[in-house]
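Atoms considered below: every heavy atom in the structure, side chains included; atoms not considered: hydrogens, waters and symmetry mates. What you see is a predicted model, and the numbers here were worked out from it, not measured in a lab.
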Amino acid sequence: MEIGTTVVRRTLQELTKELEDYRFLFVEKEQQAVAPFFKELSATEIKQAEKFLTSKDLLKRTNDLIGKSGVIGEEHNRQTMFLIFTSRKTNNPLHCISLGSSGTGKTHLQSKVSELIPEEDKIEITVLSANAFYYFNRTELQHKLILIEDLDGAESVLYPLRELQSKKRITKTVVHKDAKGDTKTIHLTVEGPVSVAGCTTQESIYEDNSNRSFLLYIDESEEQDQKIMDYQRLISA
């Protein structure tokens, strides 16, 4: 009871670090045993996709279909967000941050557009620890879409996220003792590239976070509210 808080805090931090390093090694072994899932399209589905992709007014037709999927209004934002999400397959993916007041539909817009992306190509995150991204398998995040529901609650992981966005890889060095008690240095590397999307209620964002992303401002007009209420009435009727 007489130990100062500084000593207790330092000891708890050391314990937490050791537990996280141990957890990483444990999770890594489990992940190596699980093969990643990839959905393969049938010949008919491929033919339908190619026919759609070579049709006229592709962007307009795509935007109309996004609207029919349940995204009301936000014509520019929803199309931009969908194109950003599809860029995950490129060597230099794009990123976006949705900004708006609480309850204006930021998360709804992001989640509805992300429903159009295959499940195996996206990772949805609500709460993260500071070292969470280092627990992924080396190539597990490659060409994935990372969705963060609330950037305000994920400040601890914004640094490794920025590194993934710009350098396309993150590396962490940990010290590990083997069964014989020998100390070894292990380098943990996670490869990108990734496409990152998140939502925030903040009016201004830290420059290092914002300058890597498209900033999408949510429509808070009365016309948008009317469109949503009309749609809700139509569904109820």
Side-chain angles (χ1 to χ4, degrees), residues 39 59-90 92-129 132-133 136 140-162 164-166 192-221 223-229 231-232 235:
K39 180 181 178 181
L59 285 179
K60 185 179 183 304
R61 291 183 64 191
T62 303
N63 201 358
D64 292 341
L65 288 172
I66 295 172
K68 290 178 181 178
S69 73
V71 183
I72 307 306
E74 298 286 2
E75 287 84 1
H76 296 299
N77 281 341
R78 72 191 188 195
Q79 179 173 280
T80 303
M81 187 175 285
F82 181 73
L83 292 173
I84 289 170
F85 289 179
T86 55
S87 75
R88 71 190 185 281
K89 292 293 188 181
T90 67
N92 293 292
L94 305 173
H95 319 280
C96 67
I97 298 175
S98 301
L99 300 96
S101 307
S102 180
T104 53
K106 303 180 300 298
T107 306
H108 177 75
L109 175 64
Q110 179 173 284
S111 63
K112 291 302 288 185
V113 176
S114 70
E115 285 178 8
L116 308 175
I117 304 300
E119 288 294 327
E120 65 270 22
D121 277 5
K122 61 185 178 183
I123 297 172
E124 299 183 58
I125 294 167
T126 305
V127 181
L128 290 165
S129 67
F133 279 103
F136 286 100
E140 192 177 353
L141 293 181
Q142 275 187 345
H143 301 292
K144 291 286 195 296
L145 169 63
I146 299 175
L147 300 162
I148 302 175
E149 189 174 309
D150 186 5
L151 285 172
D152 303 341
E155 290 184 2
S156 59
V157 296
L158 291 182
Y159 174 71
L161 258 183
R162 290 198 299 269
L164 265 177
Q165 287 174 309
S166 55
V194 297
S195 177
V196 181
C199 304
T200 181
T201 56
Q202 295 180 14
E203 293 181 3
S204 60
I205 305 173
Y206 179 51
E207 188 178 355
D208 270 3
N209 297 328
S210 63
N211 63 12
R212 290 169 169 80
S213 307
F214 285 90
L215 304 182
L216 306 179
Y217 291 88
I218 301 302
D219 186 357
E220 300 183 30
S221 65
E223 290 81 5
Q224 173 67 2
D225 292 342
Q226 192 62 48
K227 287 179 184 178
I228 294 170
M229 288 189 287
Y231 177 77
Q232 290 173 337
I235 296 298

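H95 NE2 to L145 CG: the interatomic distance, rounded to the nearest 0.5 Å, is 10.5 Å. Here the CD atom belonging to Q110 is positioned 8.5 Å from the CD1 atom belonging to I148, to the nearest 0.5 angstrom. The CD atom of Q142 sits 11.0 Å away from the CD atom of E140 when rounded to the nearest 0.5 Å. The distance from atom NE2 of H108 to atom CD1 of I228, rounded to the nearest 0.5 Å, is 7.5 Å. Between the CG atom of L116 and the CG atom of L65 there is a distance of 9.0 Å, given to the nearest 0.5 Å. Annotation: the span from I72 atom CD1 to M229 atom CE amounts to 13.0 Å, rounded to 0.5 Å.
S87 places a side-chain N or O within 3.5 Å of a backbone atom of L94 that can act as its donor or acceptor partner. Panel note: side chain K144, backbone I123; no donor-acceptor pair is recorded below 3.5 Å. Of the possible polar contacts, one joining the R78 side chain to the N63 backbone as a donor-acceptor pair under 3.5 Å is found. Remark: the backbone N or O of T107 is not paired with any side-chain donor or acceptor of E149 at under 3.5 angstrom. Judged by distance alone, with hydrogens and angles left aside, the side-chain atoms of N77 form a donor-acceptor pair with the main-chain N or O of Y217 at under 3.5 Å.
Within the 4.5 Å cutoff, side-chain heavy atoms of S213 are placed close to those of Q165. Put simply, the side chain of I218 reaches to within 4.5 Å of the side chain of S98, judged on heavy atoms. Between I117 and R88, some side-chain heavy-atom pair lies under the 4.5 Å cut-off.
When all heavy atoms of C96 and I84 are compared, the closest pair comes out as CB-CD1, 3.5 Å. Nearest heavy atoms, Q79 versus L59: OE1-O, 3.2 Å. When all heavy atoms of L99 and K106 are compared, the closest pair comes out as C-CD, 3.7 Å. Heavy-atom minimum distance, A197 versus F85: CB-CE2, 3.5 Å. Residues L147 and S114 share a closest heavy-atom pair of CD1-CB, 3.4 Å.
Residues passing the side chain to side chain donor-acceptor pair (under 3.5 Å) test with D219, sequence neighbours excluded: S221. Among residues two or more places apart in sequence or in another chain, the side chain to side chain donor-acceptor pair (under 3.5 Å) test is passed with K60 by D64. Take L164 and apply the side chain to side chain contact (heavy atoms under 4.5 Å, CB included) test, not counting sequence neighbours, and it matches F133, L141, I170, V194.
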- Determine, step by step, whether E74 and K112 satisfy the salt bridge (Lys or Arg N to Asp or Glu O under 4.0 Å) criterion, reporting the C-alpha distance in whole Å, the side-chain angles of both residues, the deciding distance to 0.1 Å, and the verdict. CA-CA 12 Å; E74 298 286 2; K112 291 302 288 185; over 6 Å; no
